[in-house]
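Just so it is clear, the structure is predicted and the values come from calculations on it, not from any experiment.
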Amino acid sequence: MPSRIYDASDDWDPLTNAISPPPDESAQEREDRIKQELEAKQKSDAIDEDLNRQRVLERKGPKPVRVLLLGMCEGKSTFLKFFKLMHDPKAFSAERASWRAVIQLNVVRSIHIILDAMTHPSQSRHNHRAVTKEIVSSTSSSPLSGEIPLPEDTSEIEPELIEIRSRLSALLQIEDLLTRRLTPKDYSEVGTTQLAPAYPLKHVQTELAINSSVPWKQRFDRLVGKGDTERMIIDWDDPNDPGKTLHACGEDMIRLWKHPLVQQMLEKQNLRLEEMAGFFLDSLPDITAERYLPTDEHILRARLKTLGVSEHQIKVSAGSDVGSDWRIFDVGGHRSLRLISAWAPFFENNLNAIIFLAPISAFDQVLAEAPKVNRLEDSVSLWTSIVANKILQHTDLILFLNKCDLMAAKLASGIKLKDYVVSYGNRPNDFESTTNYLRKKFAGILKENSPLPRTFYCHYTSVTVSSLSCFYLTSLDLIFRF
């Protein structure tokens, strides 16, 4: 349908018409409207004034340290949380109640996977690559509410497990409640995304992903620090607090997870929950406690996928020679958000360093959003694109081969790198040999594809507090050399 074209002689202007007051406006309505417009203008002017003040301070003050984080999302979010813990512990502590909800959701979804796996307890999946698709994308493979169907033949499941399974069905409503609480009503259209399943199944597999612009942490009670003490303002008596249901189901969840038949079933189905981000089944006694608040380590391990590009401003106090104002930019880990040509021009000659995290333990896993793409292959592909980009050619790169603890455990269990990385050949399947091979591969890509010669900075790290401390200090040291 053709659009109408207006010329200067037209008396009717669509914009003017849209913002004009209604013709039948009463005197009281007019007074209220003018008052609201005045308040809105004052807020807008205050925001503009604050932005101008920040621009003046930025021009006069020292240049901020600007760092870009790239790679898989869980590694980057862990780094950001640890950075905040080091330099803004009060703000980090104030978010414990928010992360408590995320950890509860992580736990419920892990239990959900086990309950869903019990619908086909005897199923054996020999195609390991296909199984990996489910591991990566699975956070919940049944509807968010209602009963999870039992298998037609229940003789393969002990009566005790059937009873536990029935009692734990109440957790599905908790999963639904926590998902809705993490989704602000005002952001219903752009706030969250249910990620598509890896491939068609009877029940749709989804994972909640929140847009980075959504203030989801404001949806929860906070811990407010006063001096050296913390005052909790969590309503422990709230009847709708998910913690009450988790506490009531705690013993059943522990029994389910530790049951030998459940472990055998998960092994038979190649469901390695311990390798999934947001795994807390080994901490159930703590998390199901009546007044549970997450520890620092729990928050670092919590998993909540975010989409979009976000900027984090952190004040760093580490000596007179160190920049105090840090700007850390995080490009969402989802594959669709990594179109380098779309965001690279904004960082041209304006970055101190790029920190790139490659989870090497994911060599036998695939992407949830692209189930035919190996996760390690995806990291290598992104690394190649970054080092070859001419816009970023003057920016130094720091590579962290991440999740080395999981890599070592996986190799020790008998999983072979050569089955997924054909070029590895018949080299030894031990940690030192495999990591040295991958390190040389990444170094070779930098040497062959970088438009300008650049030093190869590479370090190993794991998702532990001690390893993160080393990771953090190494990052600071390298960045301040540039």
### Task
Please round to the nearest 0.5 Å and tell me the distance separating atom CG of Leu178 and atom CG of Asn106.
10.0 Å
### Task
Provide the closest heavy-atom pair for Ser361 versus Met407 in the form atom of the first, atom of the second, distance.
CB-N, 3.6 Å
### Message
For Phe279 versus Arg301, what's the shortest heavy-atom pair and its separation?
### Response
O-NH2, 2.7 Å
### Task
Count the heavy atoms belonging to other residues, nucleotides or ligands that lie under 6.0 Å from CD of Glu432, then report whether that count exceeds 12.
no
### Derivation and outcome, side-chain contact (heavy atoms from CB on, under 4.5 Å), residues Phe280 and Ser110
CA-CA 8 Å; Phe280 287 99; Ser110 293; over 6 Å; no
#### Entry: Residue pair Asn402 / Tyr460, side-chain heavy-atom distance below 4.5 Å
no
### Task
State whether Asp396 and Arg454 are salt-bridged, where the test is any N-O pair (Lys NZ or Arg NE/NH1/NH2 against Asp/Glu carboxylate O) under 4.0 Å.
no
### Summary
Between Pro428 and Thr434, the two heavy atoms sitting closest are O-CG2, 4.1 Å
#### Entry: Ile328 and Lys84, any side-chain heavy atoms less than 4.5 Å apart
no
#### Entry: Leu256 vs Leu115, side-chain contact (heavy atoms from CB on, under 4.5 Å): CA-CA, chis, key distance, verdict
CA-CA 9 Å; Leu256 178 74; Leu115 298 182; 4.0 Å; yes
### Task
Keeping the roles fixed (side chain from Arg100, backbone from Pro294), state whether a donor-acceptor pair exists under 3.5 Å.
no
### Task
Test the Lys441-Trp383 pair against the cation-pi criterion, namely NZ or CZ under 6.0 angstrom from the six-membered ring centroid and within 45° of the ring axis.
no
### Query
Do the non-hydrogen side-chain atoms of Phe356 and Leu69 ever get within less than 4.5 Å of each other?
no
### Task
Please state whether the rings of Tyr292 and His298 are parallel, tilted or perpendicular, taking 30° and 60° as the class boundaries.
tilted
### Donor-acceptor side-chain pairing of Ser310 and His312 below 3.5 angstrom
yes
### Query
Would you call Arg327-Asp325 a salt bridge at under 4.0 Å N-O?
yes
### Query
If you look at every heavy atom in Lys403 and Pro359, which pair is closest and at what distance?
CD-CB, 4.1 Å
### Message
Quiz question: by atom type and distance under 3.5 Å, do the side chains of Asp430 and Ser433 form a donor-acceptor pair?
### Response
yes
### Message
Run Leu246 and Val108 through side-chain contact (heavy atoms from CB on, under 4.5 Å) and show every step you take.
### Response
CA-CA 8 Å; Leu246 265 70; Val108 171; 4.0 Å; yes
### Non-hydrogen side-chain atoms of Arg181 and Leu177 separated by less than 4.5 Å
yes
### Message
Between Glu175 (side chain only) and Leu172 (backbone N and O only), is there a donor and an acceptor less than 3.5 Å apart?
### Response
no
### Message
Show, in sequence, the C-alpha distance, side-chain angles and deciding distance for Asp296 and Phe82, and conclude whether the side-chain contact (heavy atoms from CB on, under 4.5 Å) test is met.
### Response
CA-CA 9 Å; Asp296 293 346; Phe82 191 80; over 6 Å; no
### Summary
Between Cys458 and Arg439 the two heavy atoms that sit nearest each other are O-NH1, 3.4 Å
### Message
Can you confirm whether Met253 sits close enough to Trp257 that some side-chain heavy atom of one is under 4.5 Å from a side-chain heavy atom of the other?
### Response
no
### Approximate separation, where rounding is to 0.5 Å, of Ile174 CD1 and Thr179 OG1
11.0 Å
### Query
More than 12 non-hydrogen atoms from neighbouring residues, nucleotides or ligands closer than 6.0 Å to CD on Gln263, yes or no?
yes
### Task
Find the distance between CZ (Phe431) and CG (Asp405) and round it off to the nearest 0.5 Å.
8.5 Å
#### Entry: Carboxylate-amine/guanidinium contact Asp50 Arg53, below 4.0 Å
yes
### Task
Taking only Lys NZ, Arg NE, NH1 and NH2, and the carboxylate oxygens of Asp or Glu, determine whether Asp364 and Arg272 approach each other closer than 4.0 Å.
yes
### Query
At what distance, to the nearest 0.5 angstrom, does CG of Leu281 lie from CE of Met276?
9.5 Å
### Task
Please tell me if the side chains of Leu85 and Ile299 come closer than 4.5 Å, counting only heavy atoms from C-beta onward.
no
### Task
With Lys410 as the cation and Phe363 as the aromatic partner, state whether NZ or CZ is under 6.0 Å from the six-membered ring centre and within 45° of the axis.
yes
### Summary
For Leu351 and Ile354 the tightest heavy-atom approach is CD1-CG1, 4.0 Å
### Query
Looking at CG of Leu284 and CD1 of Ile254, how far apart are the two atoms once the value is rounded to the nearest 0.5 Å?
5.5 Å
### Side-chain heavy atoms of Lys447 within contact of Phe456, under 4.5 Å
no
### Under 3.5 Å donor-acceptor, Asp330 side chain and Lys76 backbone
no
### Query
Less than 4.5 Å apart, any side-chain heavy atom of Phe79 and any of Ile355?
yes
### Query
Roughly how far, to the nearest 0.5 Å, is the CG atom of Leu68 from the CG atom of Asn350?
11.0 Å
### Task
Compute the centroid of each ring, for Phe329 and then for Phe347, and state whether the two points are separated by less than 6.0 Å.
yes
### Query
Is there a donor-acceptor pair closer than 3.5 Å between any side-chain N or O of Asn374 and the backbone N or O of Val366?
no
